[in-house]
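A short write-up of the structure that comes next.
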Amino acid sequence: MTLEEKLASYKPPARAVELIKSTKVVFMVGVSAAGKDAARTKLLKTGKYHHIVSHTTRKPRANHGVMEQDGHDYHFIDLKTAERMVDNHAFVEAKYFSDNIYGTSIAELQLAHDEGKIALTDIEVQGVVEYKNIEESVIPIFLLPPDYNTWQKRLEGRYIGQSDPEDIKKRMLTAQKELQEALEKPYFEYVVNEDLDKTVKIIDEIAHGNFSSKKNDQAREVARKLLEKLA
């Protein structure tokens with residue numbers, strides 16, 4: 001069986017399911033340059049959250065001129081290690097995304113549980129779907145730029161000199177797919193990242209069940225407009 005086939009049929013072990021049910025989990029989803037990293041950094045500084053460091057087979061890259069660090073931004077692994085972890089059922093979930101493998105290990109989630117903190121991590125839409133199939137209580141938050149033009153400026157600022165046109169095109173196609181899939185699901189909370197401090201406050205409110213449906217509807221409309229621009 002190929003690694004792709006193993007990932008397609010992967011199911012978390014019973015111990016992972018119980019761990020998810022007993023731990024508050026918040027996922028941040030979003031298009032490139034939506035501000036997930038900045039928001040996560042501020043949330044972690046509150047002391048209420050534990051960053052779940054995901055595993056990936058992609059190479060480290062520079063964010064705002066700073067190279068990603070192994071064990072901090074991601075656990076960077078090769079395909080053989082990823083396959084071994086799949087075979088050993090060491091992941092809660094693992095999926096192909098943008099030609100690379102991303103996964104959340106059971107060990108990382110256990111750390112958040114043992115600290116009594118809210119587990120916080122970035123994830124793609126399909127990963128959220130997998131978690132929702134395991135436990136309804138997980139909280140997915142889709143972070144958005146305020147509008148298309150602002151988004152494009154942020155992308156240019158973040159990836160200038162680092163990405164070729166084909167890479168940017170791939171990011172747009174991925175964003176289109178993510179927005180489409182998220183808007184088809186009823187359980188995503190949407191947050192427009194216009195002011196970082198306000199964004200962090202809203203995410204914290206959502207994590208603690210104190211967010212209004214009206215604000216979510218307004219943010220969802222921003223997501224729809226972005227998708228229209230990408231169509």
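The analysis underlying the following values was restricted to heavy atoms, covering all of them including side chains, and did not include hydrogens, waters or symmetry mates.
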side-chain contact (heavy atoms from CB on, under 4.5 Å) evaluation trace for K198 with N193: CA-CA 8 Å; K198 290 181 180 178; N193 183 23; over 6 Å; no

Q180 and Q176: side chain to side chain donor-acceptor pair (under 3.5 Å), yes or no, with the steps? CA-CA 6 Å; Q180 181 68 55; Q176 182 179 12; over 6 Å; no

Worked verdict on L111 versus E108 for side-chain contact (heavy atoms from CB on, under 4.5 Å): CA-CA 5 Å; L111 288 172; E108 281 286 339; 4.3 Å; yes

For V128 and V138: C-alpha separation, side-chain torsions, deciding distance, then whether side-chain contact (heavy atoms from CB on, under 4.5 Å) applies. CA-CA 8 Å; V128 170; V138 299; 5.6 Å; no

Worked verdict on I77 versus T56 for side-chain contact (heavy atoms from CB on, under 4.5 Å): CA-CA 6 Å; I77 58 175; T56 183; over 6 Å; no

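Annotation: side chain of L109 is in contact with side chain of I20 (closest heavy-atom distance under 4.5 Å). Here the side chains of L120 and I52 are not in contact, with every heavy-atom distance at 4.5 Å or above.
Classification of D37 and R40 as a salt-bridged pair holds, one side-chain N sitting under 4.0 Å from a carboxylate O. For the pair K21 and E136, the salt-bridge criterion is not met [side-chain N within less than 4.0 Å of a carboxylate O]. Under the 4.0 Å criterion applied to side-chain N and carboxylate O atoms, K229 and D147 are not assigned as salt-bridge partners. Ionic pairing of E18 and R15 is not present here: no N-O contact between side-chain nitrogen and carboxylate oxygen is shorter than 4.0 angstrom. Using a 4.0 Å cut-off between charged nitrogen and carboxylate oxygen, K95 and E130 count as a salt-bridge pair. Using a 4.0 Å cut-off between charged nitrogen and carboxylate oxygen, D99 and K170 count as a salt-bridge pair.
F97 and L173 fall into different hydrophobic clusters, where Ile, Leu, Val, Met, Phe, Trp and Tyr residues are linked whenever their side-chain heavy atoms come under 4.5 Å apart, directly or through other members. Cluster annotation: V17 and F91 are assigned to distinct hydrophobic clusters (Ile/Leu/Val/Met/Phe/Trp/Tyr, side-chain heavy-atom contacts under 4.5 Å, transitive). Hydrophobic clustering (side-chain heavy atoms under 4.5 Å, transitive across Ile, Leu, Val, Met, Phe, Trp, Tyr) keeps I106 apart from V53. In this structure, I134 is a member of the same hydrophobic cluster as V129, with clusters built from ILVMFWY side-chain heavy atoms closer than 4.5 Å. No chain of hydrophobic side-chain contacts below 4.5 Å, direct or via other Ile, Leu, Val, Met, Phe, Trp or Tyr residues, connects I101 to Y131.
Across every non-hydrogen atom of A39 and I203, the tightest pair is CB-CD1, 4.1 Å. Shown here for K36 and V31, the closest heavy-atom pair between the two residues is NZ-O, 3.5 Å. When all heavy atoms of E93 and G127 are compared, the closest pair comes out as OE1-CA, 4.0 Å. Closest approach of A62 and M67 over heavy atoms only: N-SD, 3.6 Å. Listed here is the closest heavy atom pair of R154 and A34: NH1-O, 3.8 Å.
With rounding to the nearest 0.5 angstrom, the CD atom of E194 is 7.5 Å from the OG1 atom of T150. The OG1 atom of T57 lies 8.5 Å from the CG atom of L3; values are rounded to the nearest 0.5 Å. F27 CZ to K132 NZ: the interatomic distance, rounded to the nearest 0.5 Å, is 9.5 Å. For the atom pair CZ (F142) and CD (E189), the distance works out to 13.5 Å, reported to the nearest 0.5 Å. To the nearest 0.5 Å, the span separating CG on D73 from NE2 on H51 amounts to 7.5 Å. Here the CG-CZ distance, from D78 to R84, works out to 7.5 Å after rounding to the nearest 0.5 Å.
Within a 6.0 Å sphere centred on CD of E4, heavy atoms belonging to other residues, nucleotides or ligands number 12 at most. Counted within 6.0 Å of NZ on K153, heavy atoms from surrounding residues, nucleotides or ligands total 12 or fewer; the atom is thus considered open. Applying the 6.0 Å contact sphere to CD of Q69 captures no more than 12 heavy atoms from other residues, nucleotides or ligands. The number of heavy atoms from other shown groups lying within 6.0 Å of NZ (K215) does not exceed 12. Around the NZ atom of K177, the shell of radius 6.0 Å holds no more than 12 heavy atoms that belong to other residues, nucleotides or ligands. With a 6.0 Å radius and a threshold of 12 heavy atoms from other residues, nucleotides or ligands, K42 has its NZ atom at or below the threshold.
Listed by first then second residue, pairs satisfying ring-ring contact (aromatic ring centres under 6.0 Å, His included) with a partner in residues 69-89 read Y10-H89, H55-H75, Y74-F76, Y74-Y102, not counting sequence neighbours.
Not a single salt bridge (charged side-chain N to carboxylate O under 4.0 Å, His left out) links E205 to another residue, sequence neighbours left out. With sequence neighbours left out, E228 forms a side-chain hydrogen bond (donor to acceptor under 3.5 Å, both in side chains) with no residue at all. With sequence neighbours excluded, no residue forms a side-chain hydrogen bond (donor to acceptor under 3.5 Å, both in side chains) with E178. In terms of the side-chain hydrogen bond (donor to acceptor under 3.5 Å, both in side chains) criterion, residue partners of Q110 (sequence neighbours excluded) are, by chain and number, D114. Every residue was checked against the side-chain hydrogen bond (donor to acceptor under 3.5 Å, both in side chains) condition with N149, not counting sequence neighbours, and none meets it.
Note that K225 lies outside the cation-pi zone of Y148, set by a 6.0 Å cut-off to the ring centre and a 45° limit from the axis.
Side-chain atoms of K24 come within 3.5 Å of backbone N or O of A207 as a donor-acceptor pair. The backbone N or O of L144 lies less than 3.5 Å from no partner atom in the side chain of W151, so there is not a single donor-acceptor pair.
Ring geometry for Y190 against F188 counts as tilted: the plane angle lies between 30° and 60°, on a 0 to 90° scale.
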